[in-house]
Amino acid sequence: MKKNIFYILITAYLALLIQTPGRFVYGLTIMIELFLLVLVGTLSISLIKKIKLEEIASLILMTILIAFTILFRQILAITYSEIALTLGYILYFPTLSIFLLNNLFIIKSESLKVRLISNVKSSMIFIVLGLLFFLFRDIAGYGTFTFFGKNHNLYEKVLFITDEIGIFSFVASIPGALIMSGLLLLMISFISKKIKIIKNVEHQQ
């Protein structure tokens, strides 16, 4: 069962990284959404537990997360319509990701503070590495750095021209994103194992 969940997690992760355009501003938007969903989901689970609706927790949580995603998309459409239009249905990927659902659907006896810290720490590994992934693709693949600009426009700083160098075009392509995503998954797996080893050592002491 755990292997199946792991494979689903990999699929969801790859879909999120590969489908999102390889510009830093788009990756940053997705990661901000992911972080906010972790917060909203964690608070929602605590509320569900308090009003004793654990039996339908999955349905309630999923409804709340989808509603928040719609709200996030509408705010984005008003402030940065180009980002909202470019990302489109990709904005719903974090909501459906098993990475979120597998962590937030479990109702534990822990306090809200403990659960919040635990979920934020877990998500930050994914978010930080994801941001580095999109930053590298933006710079190496397109020779640019993109960010949120003034007057609801995108900011783009051209660092160098990449058209004449094949390796840069490969980084910007989907096959390049696929290979980089695989390497990133290995890195996350390695970090997770190290964290588990450290925790086991701490418990034994």
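Atom set for the values below is all heavy atoms of this structure, side chains included, hydrogens, waters and symmetry mates excluded. Starting from 1, each residue takes its place in the sequence as its number.
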Using the rule given for side chain to side chain contact (heavy atoms under 4.5 Å, CB included), can you reason through Tyr155 versus Val25, listing the C-alpha separation, both sets of side-chain angles and the distance that settles it, and then say yes or no? CA-CA 9 Å; Tyr155 169 80; Val25 66; over 6 Å; no

Would you kindly confirm whether Ile78 and Leu85 end up in one hydrophobic cluster when ILVMFWY residues are joined by side chain heavy atoms under 4.5 Å apart? no

When you group the ILVMFWY residues by side-chain heavy-atom contacts below 4.5 Å and let the links chain together, are Leu71 and Leu91 in the same group? no

Kindly indicate whether the side chain of [X], heavy atoms from C-beta on, has any atom under 4.5 Å from the side chain of [Y].
X: Leu28; Y: Leu131; value: yes
X: Pro94; Y: Leu16; value: yes
X: Val120; Y: Leu39; value: yes
X: Phe145; Y: Glu156; value: no
X: Arg73; Y: Ile75; value: no

If you round to the nearest 0.5 Å, how far is [atom2] of [Y] from [atom1] of [X]?
X: Leu61; Y: Ser44; atom1: CG; atom2: OG; answer: 6.0 Å
X: Phe147; Y: Leu135; atom1: CZ; atom2: CG; answer: 11.0 Å
X: Phe93; Y: Glu33; atom1: CZ; atom2: CD; answer: 11.0 Å
X: Leu116; Y: Thr42; atom1: CG; atom2: OG1; answer: 5.5 Å
X: Leu129; Y: Met124; atom1: CG; atom2: CE; answer: 10.0 Å
X: Leu65; Y: Leu37; atom1: CG; atom2: CG; answer: 5.5 Å

If every non-hydrogen atom of [X] is compared with every non-hydrogen atom of [Y], which pair is closest and at what distance?
X: Ser46; Y: Arg115; value: OG-CD, 4.4 Å
X: Ile127; Y: Phe35; value: CD1-CB, 3.7 Å
X: Arg23; Y: Thr144; value: NH1-OG1, 3.5 Å
X: Leu76; Y: Thr29; value: CD2-CG2, 3.7 Å

What's the verdict on side chain to side chain contact (heavy atoms under 4.5 Å, CB included) for Ile66 and Thr63, showing C-alpha distance, side-chain angles and the deciding distance? CA-CA 5 Å; Ile66 291 175; Thr63 302; over 6 Å; no

Evaluate side chain to side chain contact (heavy atoms under 4.5 Å, CB included) for Ile30 paired with Ile90, printing each intermediate quantity in order. CA-CA 8 Å; Ile30 289 293; Ile90 299 173; 4.0 Å; yes

May I ask you to decide if the ring planes of Tyr80 and Phe148 are parallel, tilted or perpendicular, using 30° and 60° as cut-offs? tilted

Is the backbone N or O of Gly143 less than 3.5 Å from a side-chain atom of Asp138, with the two atoms forming a donor-acceptor pair by type? no

With Arg137 as the cation and Phe24 as the aromatic partner, state whether NZ or CZ is under 6.0 Å from the six-membered ring centre and within 45° of the axis. no

Please tell me whether Phe134 and Tyr26 form a close aromatic pair, meaning their ring centres lie under 6.0 Å apart. no

Take Leu159 and Lys157, measure what side chain to side chain contact (heavy atoms under 4.5 Å, CB included) needs, and give me the verdict at the end. CA-CA 6 Å; Leu159 303 176; Lys157 173 68 175 179; 3.8 Å; yes

